[in-house]
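Numbered from 1 within each chain, the chains take letters A, B, ... in sequence-line order.
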Amino acid sequence: MDLTYTEAEEEFRRRLARWLAGVLPGLPPKPSPDDWPARRAYDTAWQRMLYDAGYAGLHWPVDAGGRGATPTQHLIYLEETEKAGAPYVGANFVGLLHAGPTIAAEGTAGQRARWLPPVLRGEEVWCQGFSEPDAGSDLAALRTRAVRDGDDYVVSGQKIWTSHAEVADWCELLVRTDPDAPRHRGISWLAMPMDAPGITVRPLRTLAGSTEFAEVFLDEVRVPVGHRVGAENDGWRVTMVTLSFERGTAFVGEVVACRRTLDALADEARRTGRWDDAVLRRRLGRIDAEFRALWRLTQWNVAESARTGGVPGLGGSVFKLRYSAARQELYEAAAEVLGAPGAFDLDREWALDRLSSLSYTIAAGTSQIQKNIVAERVLGLPKGR
Amino acid sequence: MDFQLSDDQRALRSGMRDLLGAVFDRDRMRAAVERGGALDRALWRELGAAGFFALRLPEEDGGVGLGLPEAVLLFEEAGRALLPGPLVATHLAAGRVKGAAEGAAVVTAADGDRPVAHLADADAVLAGGGPLDGEALRAFVAAARPVRSMDPLTPLHLPPPEPVVGGPGRIAVAPGGVAGRAAFAPGRAPAYAGRLRYEAALLSAAEQLGSAARTTDMAVQHARERQQFGTPIGSFQAVKHLCADMLARTEPARAAVYAAAVTGDPLEIAAAELLADEAAVRNARDCLQIHGGMGFTWEADVHLHLKRAWLRAATGLTEAEAEEELAAGLGAAPPRSGSSAAYGPGRSQAGGGA
């Protein structure tokens with residue numbers, strides 16, 4: 001059990017921190033949350049800066065254009081960028097964390113050369129077309145059809161919960177290519193250009209009032225067969241590669257951010273006198289214990305993946321289960337620190353965060369689905385209802 | 001950074017599991033239950049011979065020369081096996097009370113107004129002013145009141161309500177230990193001061209971790225085997241989710257306990273104790289629930305885990321103390337225990353197995 005970083009890792013950390021300290025003050029102001037083109041421009045400009053400095057695709061394999069960093073270096077990168085207040089991955093999320101790694105793992109040489117460099121350089125933005133109105137937790141129930149017509153697939157159906165759909169260049173799309181096969185065996189993975197005729201994007205308004213994601217309607221959209229990654233009808237397996245990335249180190253920066261929020265909550269409570277309430281103090285102390293443990297669990301999982309060759313394990317499901325609940329508890333406590341009317345004033349810090357935290361036990365696999373995964377794949381309990 | 005067990009640490013852990021399997025199997029555990037938790041001196045000496053108590057003493061003092069991370073692994077196994085006795089107090093007394101390191105002496109602790117475990121078997125008691133033995137111990141025992149212990153593996157006394165009149169304890173100090181005569185500090189002072197207070201809390205948390213992992217295993221095994229409605233009950237989501245919750249309590253507690261053992265940071269120890277106590281108590285509760293009617297019987301082992309977990313949760317830092325200490329460390333003004341260092345340093349001692 002070794003929590004010390006090697007001299008090379010510390011040097012990596014120092015160099016990154018120096019670079020961040022140099023470039024962050026020069027960034028333009030953050031765009032308005034509802035101005036999607038401006039958000040795209042801001043996020044991709046940051047990605048370009050990372051690329052020029054040699055930090056783009058840090059944990060991607062070298063032959064995919066990445067830096068081949070170790071899981072520990074990646075952890076340091078996520079920790080330091082968050083501590084320095086660097087921009088989030090934002091519009092580059094799907095490209096860097098879902099579609100890109102999938103193409104890197106399953107794509108042909110030509111597909112990798114076509115799609116990966118623009119992601120790393122911040123030139124192209126991807127979105128995700130997985131969920132459908134009737135295929136949420138039960139993703140394999142998806143019905144969007146793709147029918148071969150010469151060198152194209154003709155795609156019709158509907159996708160939902162697609163973030164950045166309005167500003168994306170590409171969509172990683174799951175379609176049904178064999179309606180007669182067992183449902184996991186009739187799915188294919190396509191890269192769909194978002195400017196193709198037949199695509200209609202309708203933004204969805206969240207309970208927080210913003211338009212974080214969209215519905216995507218597909219009406220006979222033509223996608224070249226060459227845009228399929230992996231074999232026809234093998235898309236389910238191809239997709240699982242992607243999803244395991246999502247549950248790996250995706251929340252490292254957020255845990256660091258949550259710990260900073262907790263410090264800020266304590267400062268605010270001391271300032272307003274709420275700190276005199278022992279029940280509130282103890283609640284914040286308990287949340288601190290939780291996030292300390294989550295941070296150590298992250299290090300544990302990263303060290304494990306470093307030993308097993310970099311593949312995020314099923315430990316990610318336990319982590320997500322616990323983290324999503326902890327984040328909600330953090331912002332519930334924040335509402336108590338704010339008190340009325342602060343907690344009901346959406347212009348106050350944390351009031352909106354409390355609303356967005358509600359998605360954490362739903363998005364990227366509900367807590368109930370995570371529990372099924374933990375019970376069946378980690379603990380070995382039988383499948384069933 | 002390689003926050004995983006080293007090969008030596010794995011060997012140490014499996015060695016301890018093998019040892020307990022050999023000297024404290026289920027039959028012996030149930031025999032200990034039936035005799036009300038009275039200690040088996042031969043077993044105590046075997047633990048001593050295996051280095052359980054002398055683990056962290058320097059080799060030149062006859063110890064094993066290992067550190068807190070290794071101790072935590074051994075205490076985790078002890079908690080898993082429901083090993084009875086004042087394990088934490090005797091381990092912490094090694095080098096301070098004669099015979100503790102070898103398992104020749106049984107040392108318990110009188111910590112504030114908390115019940116004292118295994119007092120009738122004790123050769124010494126760690127108390128506020130220092131260890132009590134001889135006359136002072138006899139006076140302490142005479143004034144303490146035995147209670148009908150809820151945990152059949154842990155006999156309990158209430159500490160004397162009033163200061164006990166008795167001579168100062170004659171303290172025998174092991175070679176290399178710090179000499180000194182304990183002024184007999186009566187009843188209600190904490191047993192441990194400074195660093196020892198946190199070490200006691202951490203080792204108890206490690207036992208809780210072992211218990212939490214064990215009740216998870218027991219629940220999962222039962223859920224796989226027990227059939228109702230023509231299928232294993234573990235195929236029902238209502239049961240599955242209880243099991244998943246148990247693992248989701250155990251694994252963060254494990255990361256917290258191991259990390260706290262590596263850094264020795266008091267706040268990390270407070271956090272680890274909170275998570276481990278919660279994992280042990282709530283996992284035992286869920287395990288009991290999954291066992292259904294059998295879980296409510298004397299014959300099933302799950303009640304032994306629950307009662308021990310409840311008792312251990314009442315030792316070490318209280319929940320309020322731990323939460324208040326963590327809260328006091330929050331905020332930009334009072335720096336975290338070494339701000340970036342809170343993410344940082346600490347390397348467990350390398351070394352061979354016991």
Side-chain angles (χ1 to χ4, degrees), chain A residues 1-6 9 72 75 79 83 256 259 262-267 269-270 275 278 281-290 292-304 306-307 315 317-319 321-322 368 370-376 378-385, chain B residues 1-6 9 69 216 220 223-224 231-232 234-237 239-241 243-245 247-249 251-256 258-263 267-268 270-275 319-320 322-333 336 340 342-348:
Chain A
M1 290 182 230
D2 187 356
L3 287 168
T4 54
Y5 293 93
T6 64
E9 286 162 352
T72 303
L75 178 76
E79 187 187 348
K83 276 160 79 178
V256 175
R259 296 191 69 185
L262 194 53
D263 283 330
L265 287 176
D267 288 339
R270 286 195 183 96
W275 194 250
R281 273 200 318 270
R282 286 186 53 183
R283 186 177 188 182
L284 296 177
R286 168 69 71 159
I287 296 171
D288 185 44
E290 185 74 21
R292 282 170 181 273
L294 285 168
W295 174 251
R296 294 311 192 184
L297 183 60
T298 300
Q299 289 180 310
W300 182 264
N301 288 342
V302 164
E304 185 180 35
R307 281 193 178 192
S317 286
V318 166
F319 181 89
L321 202 48
R322 198 75 187 225
Q368 286 66 37
Q370 301 294 346
K371 287 183 189 183
N372 286 351
I373 291 172
V374 169
E376 291 171 9
V378 184
L379 296 175
L381 288 170
K383 280 191 168 287
R385 301 287 139 204
Chain B
M1 185 200 67
D2 183 24
F3 186 34
Q4 293 277 297
L5 267 54
S6 68
Q9 287 168 336
T216 305
V220 168
R224 276 196 202 126
T231 184
S235 64
F236 301 120
Q237 285 191 346
V239 173
K240 235 175 229 182
H241 288 192
C243 293
D245 285 338
L247 190 74
R249 286 185 207 111
E251 294 311 306
R254 178 185 308 284
Y258 289 179
V262 172
T263 66
L267 291 183
E268 280 211 77
E273 192 187 20
L274 283 175
L275 268 84
E319 203 174 349
E323 287 169 353
E324 287 282 14
E325 286 189 24
L326 287 163
L330 285 173
R336 288 181 183 286
S340 75
Y343 303 93
R347 174 193 286 269
S348 77

Worksheet item: Taking all non-hydrogen atoms of both residues, which atom of B:K240 and which atom of A:P382 are closest, and how far apart?
Response: NZ-O, 2.9 Å
Discussion item. Which one wins on heavy-atom pair count under 4.5 Å against chain A: B:P232, B:A255, B:A253?
Written reply: B:A255
Fill in: Contact origin within A:E376 toward chain B - heavy atom pairs under 4.5 Å
side chain
Fill in: Note: B:E324-A:R281 ion pair, threshold 4.0 Å (strictly below)
yes
Item to complete: For residues B:L5 and A:M1, determine if any side-chain heavy atom of one lies less than 4.5 Å from a side-chain heavy atom of the other.
Response: yes
Discussion item. Working to the nearest 0.5 angstrom, can you tell me the gap between A:L379 CG and B:T216 OG1?
Written reply: 7.5 Å
Worksheet item: Using non-hydrogen atoms only, which part of A:L75 is less than 4.5 Å away from chain B: side chain, backbone, both, or neither?
Response: side chain
Response to the item:
Shortest non-hydrogen pair, B:A332 vs A:D267, comes out as N-OD2, 2.9 Å
Worksheet item: With only heavy atoms counted, which part of B:E319 is less than 4.5 Å from chain A, the side chain, the backbone, both or neither?
Response: both
Worksheet item: Just by modelled atom types, is the A:R307 backbone N or O under 3.5 Å from a matching donor or acceptor in the B:Q4 side chain?
Response: no
Worksheet item: Okay, side chain of A:R322, backbone of B:A248: is any donor-acceptor separation there less than 3.5 Å?
Response: yes
Item to complete: Indicate yes or no for a side-chain donor-acceptor contact from B:E251 to the backbone of A:V318 under 3.5 Å, with no hydrogens or angles considered.
Response: no
Item to complete: Examine whether an atom of A:L321 lies under 4.5 Å from a heavy atom of chain B, and if so say whether it belongs to the side chain, the backbone or both; otherwise answer neither.
Response: side chain
